Structure formats: structure tokens, C-alpha cells
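Inspection log for the structure reproduced underneath, given as C-alpha cells.
In listed order, ligands and their atoms are each counted from 1. In this text, all values refer to a predicted model and were calculated from it rather than measured experimentally.
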Amino acid sequence: MDSEVQLSRNFIEQIIDKDIAEGHTKVVKTRFPPEPNGYLHIGHAKSILLNFGLAEQYGGKFNLRFDDTNPTKEKEEFVESIKADVEWLGADYEDRLFFASDYFPIMYEAAIKLINKGLAYVDDLSADEIRQYRGTLTEPGKNSPYRDRSIEENLKLFREMKEGKVEDGSRVLRAKIDMASPNINMRDPVIYRVAHQHHHRQGDEWCIYPMYDFAHPIEDATEGITHSICTLEFEDHRPLYDWVVRELEYENPPKQIEFAKLYLTNVITGKRYIKKLVEEGIVDGWDDPRLVSIAALRRRGYTPGSIRTFVELCGVSKANSSTDYAMLEYCIRDDLKPKTKRVMAVLDPIKLVIDNYPEGKTEMMDIDNNMDNPELGSRQIPFSRELYIEREDFMEEPAPKYYRLYPGNEVRLMNAYFVKCTGCEKDENGNVTVVHATYDPETRSGSGFNARKVKGTIHWVSAEHALKCTARLYENLVDEEKGVYNEDGSINLNPNSLTVIDNCYVEPSLKDAKAFESFQFVRNGYFCVDYKDSKEGQPVFNRVVSLKSSFKLEKK
Ligand code: ATP
Ligand code: MG
């Protein structure tokens, strides 16, 4: 990354610096706490890299903890995909993999402790009644008629909840805080509910499940997390977080710090919407290259390094804003540029016949793999009488300032010879089918020829030797200017989000390209070999990103 781009110390680092200086924190411990109910997306990548980065920076520890306290939506499939994504991003959690559900006994004991302190009670009000009693932003709530049950009665009733003697929804355990608090989260929040549900990890061991606001601080405290970093929507929950760790008398309790979520323009991140796109077959699974799940970005050809750079450039802030998708593209371009081989691939082929080139002759042209990176070496590619070139590189009637092929004009065939266009053939509908040219043998690339110059250079592949394959071009799935959602809540999809080109011709060397390998197709962009649809000797290329961008990095 550009060394001039130096980010100043963010507000989280400032808090941690202070905690260390004042002796509150010895070893910094952070965590990433996903709920295993879907695939991770670019926003989660920010959270992962932020938490991991802080632990790394301070010589601390980073935990991956599955927040699997809600059995209704969670699945083992998601646990595996999340682990794979976190590892791919390079956030090494070593052996520090935890499951919140393993702390159910600790949470149960914590609830008993609160009951014994007179700080929790079993409530028989229905969910609707609890809502009515809660009050509003402008009106205080009302105490439940069950609020003053004795400690003994609460202990007995809570035990019955745990023993399966209570039906789902008929009783809950609530914290006894303050029904008149200006913060609604403090109005006796529910901390345990009855749910006779199978848990993906704990089986049928439990029929009561803790609520997030009660469970999360206990999870953090149990693991000795020092700084519990979450997104802004939890800011109003912080007083409850602090109440839980204080009343449970944890020594050196964790501190919750909120930062703004990462939002990207023109993308869909909501699990609910992605699920719909997957179920309706609009996209090819959770890793469709048009999505911004981490799995999709990986499939598209993004690298962990490019995502790290992107997240760093976004910075950490307290104010919500959205980041231009073009910045993500800038990061991957920057990452791939020095690393990839530059190869010739023709996406919209038309034949070019060089009439004065001997039939049956093949010359091997020596080409640098990447002029900016000699370490990538060179390769040889075949040149012959019949080539494919891009259809747009020929015009029978040239437009102004058109320097490519048109009758009478001479151009350079990249890494080969100068050719002069002599005309074209057309079908009965007037469409050009073949372009004709003659070459000048003196002009071979590398020969030092400089007797005359040409203005245009075009790429090509040898028709006889080229590999025919599929390339896929992408645009954003949605266009924000038109509104991401329609009035009925459906998604306003961009009909051009996917273009499949089945007769793309590439250099023969690409036959051996491996899944996830990326190349620069000169003039056409960076392409990555699709791991799902490619076959041995028959790669399918996904365009990661085009070569040009309107995006300019502002130097901070
Ligand atoms: P979604 O809203 O997409 O379903 P979520 O927040 O419910 O995501 P979790 O599994 O609960 O998903 O999130 C795990 C962690 O990732 C949380 O700490 C959450 O704050 C953080 N996170 C989620 N979305 C973003 C985002 N857009 N930017 C930064 N962090 C995020
Ligand atoms: Mg969540």
C-alpha cells in the first residue's frame, strides 16, 4: 500500500492506550462474535480485521466466538463457512475458538445470582403485555404485577422453567432494574425465555435460552475480553451491558466500545435479502461473484490483502456513512497489478487474416509476464496467419481519432508485427466476418525497428492455437440511483449484472490456469479462474474488476 497513506490513531486505539496507561488493561483481548445464522459479508470483514488487528498490534489475544445462543436460526453449515472466512482473511485465532452455548451453565448460575440479589424475577405477563407495560420513549413503563415475587418463589419458578415444566412463552425471567428509566433497554429487560428447541451444539440439554443483552457481557467476561467492540446500534444497550457485569461482580469487567458499521454503495448485505436472491435462483448461491459475502469476494478474485487495505482505508469512526464500491475495486486493482501475468484474451472475437504471412507457419513470440515485475519471468506465445482480435478494434469507416484497424491504416499487434488493414469480408446482412491485413516482417517486436511509428496497438491470439473458453463480466446487482428496493419491498435488480461470453479466446498457456488464479487480460481487466464452474483444461474466468476507474484515492 501507498506509504503516504498513514492513518492517525483511531478513537478505539486511544481508549485502549489510556486503559493500558492507567493500568486497567494488562493484555488486550478482543473477539469477533458472529451468530452462525448466515454467511459473513464485507462488513463483518471490517469487524474481524479490526478486532484481530488490535489484538495483534498490542501483543494481545483474539478470540473467535460463535454467539450461538438462539437455536432457531443457527446452523452448523454457517459455523464452517465462518471459520473458513475468518481464516482466509488471515485473522489467526489459534486455538481460541469458543461457543457461547458452552457457557449456558455459567449464564444459568449468573441468573440465579441476580435472583438471589433481588435483581431478577419471573414474570407471567405475555409478550404483548410486557410490550404494553414497557411504555414509550416519552412515557415511563409500569411495574409488572409479578415484579415483587419473593426470592424463594423466583428461584422455584426459574428452576421449573429450566426443568421443562413451563410452556414456551408463558413465563420469562426479567432483570429488575427501573421501569421508569429514560433508556427503554433498562426497563426490566427479559434475560431468559423458554424455548423447547433443539440446539445445534447442545442438543436438547436446554429449554431456556438467554437473551443477547444478558448473554453477551457474560461471554465477554468469561473469556476475559478487555475491549468488547461492537457496532453503533448497541450504544443504547451499553448501560445494560455495564449493569450485567457490575451486578455479577466481575473483577476487571470488559468495556464495550461502539463503532460505525461499514456500508457500501450499490450492494446488498442484509442476510434476509441475500437469502431471497439465493432461494429465487437470481444468484448462484451465497458465493455468487456479484455478492459481497466474503465467500463471494474470494470467488470473484479478491485477495485477503486487498480487503485488509480497503478496511484500513475506511478507517474506524463513530459516524455512519457509506463507502464507494469503487474504493474496494481500487484496492484489488492495486493488489493484483504487480502480482499477475498480463495475457492476451479476446472477449468479442473477429478473425484477422494476414494474407502475406506464410500458411502453416508458427512463430513463438517471447513476452514478459509483467513488465513491472521481472520476477514473474516471461513466456512464449504462438503467432500465425490467422488471429482473433476484438471486434471493436476494426472499423470499416473509422470514427474521428480512431487509431486502430481500418482499411489503409497500420497498427502494432502487441508483442508481434505491424499490420496494415487491406479490407474485410461481410455476410449477407452486412456484418463484418473477417478482416484482412498484410504484415511487415521488418517490424517484429524486439527487433529494434523504428523506421516508422504507429498510433494504435491491439491485442490478438492465434486462432489455431487459442483456447476457447467462457468469461463472465459483472456489474452491480443493484443500482442505488434507481433505488435499491421497489415500493413493494422487492429488489430493483440491474438486468445487466451478469454477461456470459462463451466464445472468448485466450492464449493457450491459460489451459493450465488453476482455480482462484488471477490474470490481467490486457485492456479488458483482471480475471480470476472460477473454482466452481471450471474444468480441467477448461477454465471459466470471472472478471474481478476492469482496468480503469474514476475513483481517486484521497491522500489523508
Ligand atoms: P446482519 O445485520 O448482516 O445480519 P449481524 O450484525 O446480525 O449482521 P452478527 O453475526 O451478529 O451479524 O455480527 C457479528 C459481528 O459483526 C458483530 O459484532 C457486528 O456488530 C459486526 N458487524 C455486522 N455487520 C457489520 C458491518 N456492516 N460493519 C461492521 N461490523 C459489522
Ligand atoms: Mg446479529
Which atoms of ligand 1 sit under 4.0 Å from any heavy atom of [X]?
| X | answer |
| --- | --- |
| His41 | 3 (O), 24 (N), 27 (N) |
| Phe32 | 14 (C), 15 (C), 16 (O) |
| Pro34 | 10 (O), 14 (C) |
| Thr231 | 19 (C), 20 (O), 29 (C), 30 (N), 31 (C) |

Any nitrogen or oxygen of [X] lying under 3.5 Å from a nitrogen or oxygen in ligand 1? Just yes or no.
| X | result |
| --- | --- |
| Glu35 | yes |
| Asn37 | no |
| Gly43 | yes |
| Leu262 | yes |
| Lys46 | no |

| request: Using the six-membered ring wherever Trp is involved, compare the ring planes of Phe66 and Phe99 and label them parallel, tilted or perpendicular (cut-offs 30° and 60°). | output: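 Geometry flag for Phe99 against Phe66: parallel rings.
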| request: Evaluate the ring planes of His199 and Tyr209, with Trp represented by its six-membered ring, and classify them as parallel (under 30°), tilted (30 to 60°) or perpendicular (over 60°). | output: parallel
| task | Mind checking whether Tyr263 contacts ligand 1 via backbone (N, CA, C, O), side chain (CB onward), both or neither, at a 4.0 Å heavy-atom cut-off? | result |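 Neither part.
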Cationic N near anionic O, under 4.0 Å, [X] to [Y]:
| X | Y | value |
| --- | --- | --- |
| Arg298 | Asp287 | no |
| Arg299 | Asp533 | yes |
| Glu35 | Lys271 | no |

| request: With atom 13 (O) of ligand 1 as the reference point, say which of Lys261, Arg31, Arg65, His44 has the nearest heavy atom. | output: His44
| query | Between the side chains of Asn63 and Arg96, does any donor sit under 3.5 Å from an acceptor? | reply |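 Per modelled atom types, Asn63 and Arg96 side chains form a pair under 3.5 Å.
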| Looking only at side chains, do Ser490 and Asp488 share a donor and an acceptor under 3.5 Å apart? |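 Yes, a side-chain donor-acceptor pair sits under 3.5 Å.
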| With respect to Phe234, which candidate in Phe259, Tyr212, Tyr241 satisfies the ring pair (Phe, Tyr, Trp, His ring centres under 6.0 Å) definition? |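 Of all the options given, the one that passes is Tyr212.
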| request: Say whether Arg272 and ligand 1 are in contact under the criterion: heavy-atom distance to a ligand atom below 4.0 Å. | output: no
